[in-house]
Amino acid sequence: MSSAPTVQHISDCFIKPLYNSEEAKKPVYLSSWDLAMLSVQYIQKGLLFTKPSSFQLDPLLQKLKESLSITLVHFYPLAGRFKTLKQENPPLYTVFIDCVNSPGARFIHANLDLTVSDILSPKDVPLVVQSFFDHDRAINHDGHDLSLLTVQLTELIDGVFIGLSINHVLADGSSFWHFFNSFSEVFKANNGQKQSIPISKSPNFNHWFPEGHGPIINLPYTHHDQFISRHESPNLRERFFHFSAESLKKLKAKANQECHTSKISSLQALSAHMWRCITRVRKFPADHITSCRMAINNRARLEPPLLENYFGNCIQTVRGIASAGKLLENSLGWAAWEMHEAVVNHKNKDIREWVEKLESGMIYQLGFFDPSSVMMGSSPRFDMYGNEFGLGKGVALRSGYAHKFDGKVSLYEGIEGDGSMDLEVCLLPDFMASLETDKEFMDSLSS
């Protein structure tokens with residue numbers, strides 16, 4: 001029996017900004033939010049397209065490279081590398097971005113002898129999808145030697161996948177999609193002339209520090225072995241589940257009706273629903289403590305608020321907590337209200353108290369994630385399907401190996417828009433099999 005086709009790298013190169021501004025020649029110092037990401041993995045997300053009838057590979061590759069070079073003029077730190085500055089007297093250990101001494105961002109052209117249907121028709125996401133991205137299993141600290149950004153184009157028999165891998169120290173989800181959207185915008189405007197192209201939303205690289213802190217943060221370490229670790233995901237099943245706009249309206253209405261309120265959002269109701277369903281299939285004892293975490297954007301919650309185009313990390317997680325028994329004995333509305341309260345009570349004071357902890361040199365570790373928790377990541381509010389590269393609208397979103405663990409749920413906008421959502425759910429095989437036969441969950445997928 002022949003082995004399954006694998007992704008073959010045809011070529012790769014490094015792309016520098018079309019030109020460097022004076023600002024791009026200076027070191028970029030990082031905030032506590034950024035440095036806390038040094039031991040987690042790159043963000044890996046991308047879009048699958050079907051080949052149009054007029055498809056020509058070489059012109060597409062050339063235009064992508066040119067457009068990347070132009071986009072990097074605006075996003076110059078993504079073409080850099082990390083540097084660590086150490087000294088003994090006075091003690092100093094700081095990580096920053098060197099935008100000058102770097103070969104640039106990486107561009108990979110790859111090939112896979114499979115069809116779009118081979119990727120989308122299986123119930124579970126095929127493992128080969130992980131090869132659509134660079135930096136497999138890399139952690140962000142590896143950005144001292146590896147590119148901080150890689151664009152990989154993988155040509156399929158009848159499709160094209162464009163995958164981006166961005167170092168998480170530089171960008172959270174908002175910033176990741178800000179770059180992706182700008183890259184697509186430049187591509188559309190690029191008529192072959194090698195010149196700067198303005199973008200509709202310029203990034204702001206003025207990293208935020210509490211009053212009296214920064215821009216240089218001295219980490220309490222003498223060697224990176226003291227704060228980095230490598231996380232290997234267990235054997236997981238990864239599936240996409242589609243929630244139509246009508247399904248989400250029903251969940252939201254049910255949660256609000258059960259709580260006699262109108263304040264619970266669709267996202268809070270959906271998060272509570274996933275928390276309850278996944279906890280049920282895990283079959284914890286009644287007194288076992290569980291939680292549901294949601295990634296939350298702090299930009300508008302700080303006082304004064306940060307600009308929407310703030311480029312970097314500005315996220316935390318908030319959570320609802322309950323014993324398995326209490327969570328399942330109570331209604332969807334009860335759990336949704338727990339999530340609602342976690343969101344509305346997350347304010348400037350809480351954010352600043354968390355940053356104080358980060359200022360002490362806290363570095364997140366993926367391997368320490370609570371196996372009793374459900375983690376809701378990404379956001380359906382990001383403009384994902386608006387990214388087109390002369391190939392029409394994408395037919396699916398997919399992600400790489402990074403940040404996958406039992407209970408991880410990533411939220412994406414549904415392909416039809418209109419408020420629908422796609423959920424990328426990662427669970428241990430037995431839990432996924434139980435979820436697929438869980439009546440409450442499967443019924444909720446139908447409008």
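Quick caveat: nothing in here was measured; it's all calculated off a predicted structure.
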Partners of [X] by side-chain hydrogen bond (donor to acceptor under 3.5 Å, both in side chains), sequence neighbours excluded?
X: N298; value: Q316, H346
X: T94; value: none
X: S21; value: none
X: H74; value: none

Sorted by chain and residue number, the salt bridge (Lys or Arg N to Asp or Glu O under 4.0 Å) partners of R81 (sequence neighbours excluded) come out as none
Hits for salt bridge (Lys or Arg N to Asp or Glu O under 4.0 Å) against E388, two or more places apart or cross-chain, chain-then-number order -> none
Pairs touching [range] that satisfy salt bridge (Lys or Arg N to Asp or Glu O under 4.0 Å), sequence neighbours left out:
range: residues 45-66; value: K51-E155
range: residues 169-193; value: D172-R299
range: residues 107-132; value: D124-R237
range: residues 128-142; value: R106-D134, R137-E232, D142-R230

*Fit a plane to each ring of F183 and F179, take the angle between them on a 0 to 90° scale, and name the class: parallel (under 30°), tilted (30 to 60°) or perpendicular (over 60°).*
parallel
Ring pair (Phe, Tyr, Trp, His ring centres under 6.0 Å) pairs touching residues 412-433, sequence neighbours excluded, are F240-Y412
Contacts satisfying ring pair (Phe, Tyr, Trp, His ring centres under 6.0 Å) that involve residues 41-69 (not counting sequence neighbours) are Y42-H135
Practice prompt. Verify the distance criterion only: is there a donor paired with an acceptor across the side chains of S399 and E424 at less than 3.5 Å?
Written response: yes
